[in-house]
Each structure stands twice: as C-alpha cells, then as structure tokens.
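Reviewing the structure listed below.
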Amino acid sequence: MMKTRIREIDIMKGLLVLAMILCHCIQFFGEESTGLQKYLADFINLTTFSGFLFCFGYVCELTYYQKSFRKAAVKMGKNAVRMLFAFYISGIAYIAFAQRKSFSFDRICRVLLLWEYPGWSEFLASFAAVLIAGIVLYPLMKRMNGKILVGITVLSLAGCFLPYEQIHNPYLALLAGSEDYITFPVLQYGMFFAAGVWFCKKKVSWDRKTLAAAVMAGISFGIYYSIAGCLPGRFPPGILFICGGIAGVYLYRLLSLALKTAAQKNRIADRAISEIENIGRSSLFYLLMSNLLIFALAGSKFKYPSRNFAYAYDLIILFVLYYFRGLVKQKDKK
C-alpha cells in the first residue's frame with residue numbers, strides 16, 4: 001500500500017497480526033475462559049481491531065488523502081474489494097470447514113450479499129466498510145485536525161448508546177451495530193481510523209494530551225474489568241469496551257516506536273523486529289491464511305483442544321506461513 005514504508009506502522013501491524021492469530025488459536029483450541037489464556041484473549045479482543053483501524057487511517061493519510069479524490073477513491077476502492085474477497089474466502093471456509101455445513105447456494109449467496117457474517121471473518125467485512133466510508137468522507141479526512149478528530153470521537157462514543165435491539169438490517173449492523181449480527185460497526189470504531197489519519201498528518205509520535213486521554217480511558221475500563229472480571233459489551237460494542245481499546249491502541253503505538261528504536265541500536269534486535277515488520281507488510285495474507293488453517297483443523301478429527309496445543313498450533317501456523325512466503329519470494333526472484 002505504501003511506496004514509503006513507515007516502519008513503526010508495519011511493526012505495529014505485525015504485532016497485531018501475531019496477537020490475532022494467537023487469540024484465534026486460543027479460542028478454537030485453548031482455554032479462553034480461564035487462567036493466562038483468558039487475559040491474553042481479553043486483551044487481544046479489546047485492542048486488535050481498533051489497532052488495525054488506527055494503522056489503516058495512518059496509511060490512508062500517507063497513501064491516499066494526499067492525492068486527488070479520483071486517484072484516492074480508485075485505490076481505496078480496489079483495496080476495499082480485496083478485503084471483501086478475503087471476507088468471502090474466510091467466511092465460506094468457516095462454514096465449510098469449522099461448521100462442516102453442506103453446500104447450499106442460498107447459504108453462499110447470504111455471505112456474498114453480506115446478509116450473514118460467518119464467525120471469525122466479520123472483521124474483514126468491516127475493514128472493507130471502513131475503507132468505503134473513508135472514500136465517502138474524503139473531504140473531511142483530507143482536512144483532518146484536532147477539532148475534527150474530537151468531533152468524530154464524540155460521534156463514535158455516542159454511537160455506543162444506539163438502541164441496538166432495534167437494528168435488524170445486516171447492512172446497518174455493519175455500519176452501526178446490532179444485537180442480531182456479530183459485527184465491528186464502522187460508526188463506533190471509526191474514531192480509531194480518524195486518529196490514525198491525525199497522527200500521520202501531524203507527524204505525532206506521542207503527546208501529553210493523547211496520553212492523558214488514553215490513561216483516563218484505560219482507568220475507566222480497568223475499574224470495570226477488575227470488578228466484573230470480564231470484558232464489557234463487545235458485540236455490539238459498549239462505551240467501556242471502546243475506551244479500553246483507546247488505551248490498548250496507544251500502548252501498541254508506544255511499543256512499536258520502542259521496537260523501532262531498539263532495532264536501530266542493535267543488529268540482533270533489528271533482525272527479529274524485521275520479521276515482525278515483514279508480517280505487518282503482509283498482514284492480509286497472514287490473517288486470511290491463518291484463518292483457513294485454523295478452520296481446517298477445527299473441523300477435523302486431528303484437533304486436540306488443550307492449553308499447550310493452542311500455543312503449539314500458533315507456532316506451527318507462523319512457521320507454515322513463513323515457509324509459504326519464502327516460496328513466493330523465491331518464485332519472484334526467478
């Protein structure tokens with residue numbers, strides 16, 4: 001997507017990809033409701049989609065919003081189509097492999113028309129919807145400043161109070177949330193995309209006001225989590241869930257900057273961090289292919305649900321995808 005790579009963004013995407021694959025392995029094969037894996041899964045669920053949207057916004061400002069509307073719309077539209085096709089592949093694979101349902105033309109059409117959002121694939125449809133929203137809001141995003149960011153943030157947080165129980169249309173569910181569908185609604189999560197645009201436009205690494213807001217959001221979420229012992233409403237998202245995401249995304253941002261600095265100072269660290277960076281550059285490949293590998297095993301008799309198996313399969317997936325990526329590179333060199 002980027003002619004000029006921003007290393008900390010690729011590192012951040014790489015960290016998010018690694019986290020999401022681990023979380024999916026825990027959810028399918030591990031012990032998501034107890035012990036360390038519960039806390040890992042909760043943190044990843046809280047922060048990953050929001051983190052990806054932040055990265056999306058950052059990249060869109062760098063790659064698209066500095067160009068004319070026509071050029072930006074065409075390229076963002078093509079990327080949205082890529083995301084949508086990834087959703088189709090992942091969603092149908094979930095139905096076929098994980099759920100082991102028989103082929104049905106009606107069932108396939110429901111996925112293709114976005115009347116149904118198969119499990120562990122709905123985030124890809126939301127990625128596509130966010131990019132389409134980014135095209136529609138091009139004039140606003142191009143003029144992004146602090147006031148616009150605050151306005152979008154207020155709208156996103158206000159969206160958490162919508163009467164979700166009255167939203168029954170699948171397309172509205174993708175945009176604003178619903179109790180009938182599991183989606184990552186564009187309205188409530190849109191503030192993270194806008195924040196990415198603002199961070200890139202203003203060339204902000206971190207600042208005190210943003211840090212203070214992240215800390216306050218994190219405290220409000222932390223109080224709830226410590227009392228309830230579980231995440232606040234996620235599908236559809238409540239305001240405390242979104243607030244927890246703010247703190248988590250900012251933590252990822254600081255960590256990616258720290259890793260970038262460490263890579264510049266130490267050659268050994270640079271090699272390890274470069275691998276994370278490479279994963280971030282190929283994030284869609286890793287997310288889609290890992291889903292296929294997880295769904296295939298989950299629907300087979302070869303699965304072995306246990307805490308350690310979840311970690312082991314996570315490592316196996318990363319090794320297999322690293323190997324596949326190497327084969328592609330070798331082919332390109334010939």
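Only this structure's heavy atoms are used, side chains among them; waters, hydrogens and symmetry mates stay out.
Checked against the 6.0 Å centroid criterion, the rings of Phe54 and Phe199 qualify as a close aromatic pair.
Under the rule for a ring pair (Phe, Tyr, Trp, His ring centres under 6.0 Å), Phe87 has no partner lying at least two apart in sequence or in another chain. With sequence neighbours excluded, no residue satisfies side-chain hydrogen bond (donor to acceptor under 3.5 Å, both in side chains) with Tyr250. Looking at residues two or more places apart in sequence or on another chain, you find no side-chain hydrogen bond (donor to acceptor under 3.5 Å, both in side chains) involving Ser300. Under the rule for a salt bridge (charged side-chain N to carboxylate O under 4.0 Å, His left out), Asp314 has no partner lying at least two apart in sequence or in another chain. For Lys38, the salt bridge (charged side-chain N to carboxylate O under 4.0 Å, His left out) test picks out Asp42, with sequence neighbours left out. Taking the ring pair (Phe, Tyr, Trp, His ring centres under 6.0 Å) definition, one finds that Phe127 meets it with Phe49, Phe52, Phe56, Phe123, sequence neighbours left out. Taking Arg100 as the reference, nothing meets the salt bridge (charged side-chain N to carboxylate O under 4.0 Å, His left out) condition, with sequence neighbours excluded.
Here salt bridge (Lys or Arg N to Asp or Glu O under 4.0 Å) pairs that include residues 278-288, with residues two or more places apart or in two chains, are Asp10-Arg281, Glu277-Arg281. Listed by first and then second residue, the salt bridge (Lys or Arg N to Asp or Glu O under 4.0 Å) pairs that reach into residues 139-167 come to none, sequence neighbours excluded. Among residue pairs with one or both ends in residues 112-126, those qualifying as salt bridge (Lys or Arg N to Asp or Glu O under 4.0 Å) are Arg110-Glu116; sequence neighbours excluded. Pairs engaging residues 167-195 under the salt bridge (Lys or Arg N to Asp or Glu O under 4.0 Å) rule: none recorded [sequence neighbours left out].
Under the 4.5 Å side-chain heavy-atom criterion for grouping Ile, Leu, Val, Met, Phe, Trp and Tyr, Leu112 is connected to Ile95 within one hydrophobic cluster. By the rule that hydrophobic residues join a cluster once side-chain heavy atoms approach within less than 4.5 Å of another member, Ile276 and Tyr323 end up as members of one cluster. Phe319 is not connected to Leu315 by any chain of hydrophobic side-chain contacts under 4.5 Å among Ile, Leu, Val, Met, Phe, Trp and Tyr, and they are in different clusters.
Under the 4.5 Å side-chain criterion, counting only non-hydrogen atoms from C-beta, Trp198 is in contact with Val204. Between Pro237 and Tyr164 the shortest side-chain heavy-atom distance falls below 4.5 Å.
Checked by atom type and distance alone, the side chain of Ser282 never pairs as donor or acceptor with a backbone atom of Ile279 at under 3.5 Å. Of the possible donor and acceptor atoms, one in the side chain of Ser156 sits under 3.5 Å from a partner among the backbone N and O of Leu187. Judged by distance alone, the side chain of Ser220 and the main-chain N or O of Ala217 form a donor-acceptor pair under 3.5 Å. Judged by distance alone, the side chain of Ser104 and the main-chain N or O of Arg107 form a donor-acceptor pair under 3.5 Å. Not a single donor-acceptor pair under 3.5 Å links the side chain of Ser290 to the backbone N or O of Leu288. Within the 3.5 Å criterion, the main-chain N or O of Tyr252 finds a donor-acceptor partner in the side chain of Ser256. Formation of a donor-acceptor pair under 3.5 Å by the Gln37 side chain with backbone atoms of Arg307 is found in this model. For Thr261 (side chain) and Leu257 (main-chain N/O), a donor-acceptor pair under 3.5 Å exists by modelled atom type.
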Show, in sequence, the C-alpha distance, side-chain angles and deciding distance for Phe221 and Tyr225, and conclude whether the ring-ring contact (aromatic ring centres under 6.0 Å, His included) test is met. CA-CA 6 Å; Phe221 165 81; Tyr225 190 81; 5.6 Å; yes
Go through Ile242 and Tyr189 one step at a time and tell me if the side-chain contact (heavy atoms from CB on, under 4.5 Å) criterion holds. CA-CA 7 Å; Ile242 296 297; Tyr189 287 96; 3.9 Å; yes
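Between Phe295 atom CZ and Ile92 atom CD1 the span is 12.0 Å, to the nearest 0.5 Å. Distance CD1/Ile294 to CD1/Ile317: 4.0 Å, rounded to 0.5 Å. To the nearest 0.5 angstrom, Tyr138 atom OH is 11.5 Å from Cys60 atom SG. Rounded to the nearest 0.5 angstrom, Leu293 CG and Ile316 CD1 are separated by 10.0 Å. The distance from the OH atom of Tyr322 to the OH atom of Tyr286 is 8.5 Å, given to the nearest 0.5 Å. Here CG of Leu15 is found 6.0 Å from CG of Leu259. Values are rounded to the nearest 0.5 Å.
Across all non-hydrogen atoms, the minimal contact from Ala214 to Ala247 is O-CB, 3.4 Å. Taking each heavy atom of Thr183 and Phe235 in turn, the nearest pair found is O-CD2, 3.4 Å. Nearest heavy-atom pair across Ile135 and Tyr65 is N-OH, 4.5 Å. Across Gly159 and Gln188, no two heavy atoms sit closer than the pair O-NE2, 3.0 Å.
With salt bridges taken as basic N to acidic carboxylate O contacts below 4.0 Å, one links Asp270 and Arg7. Of the charged side-chain nitrogens involved, at least one lies within less than 4.0 Å of a carboxylate oxygen, so that Glu275 and Arg325 count as a salt-bridged pair.
Aromatic ring orientation, Tyr88 versus Phe85: perpendicular (interplanar angle above 60°, classes split at 30° and 60°).
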Which donor-acceptor pairs under 3.5 Å do the side chains of residues 16-29 make with protein atoms, sequence neighbours left out?
| residue | atom | partner | partner atom | Å |
| --- | --- | --- | --- | --- |
| His24 | ND1 | Asn291 | OD1 | 3.1 |
| Gln27 | OE1 | Trp120 | NE1 | 2.6 |
| Gln27 | NE2 | Glu32 | OE2 | 3.4 |
| Gln27 | NE2 | Asn45 | OD1 | 3.4 |

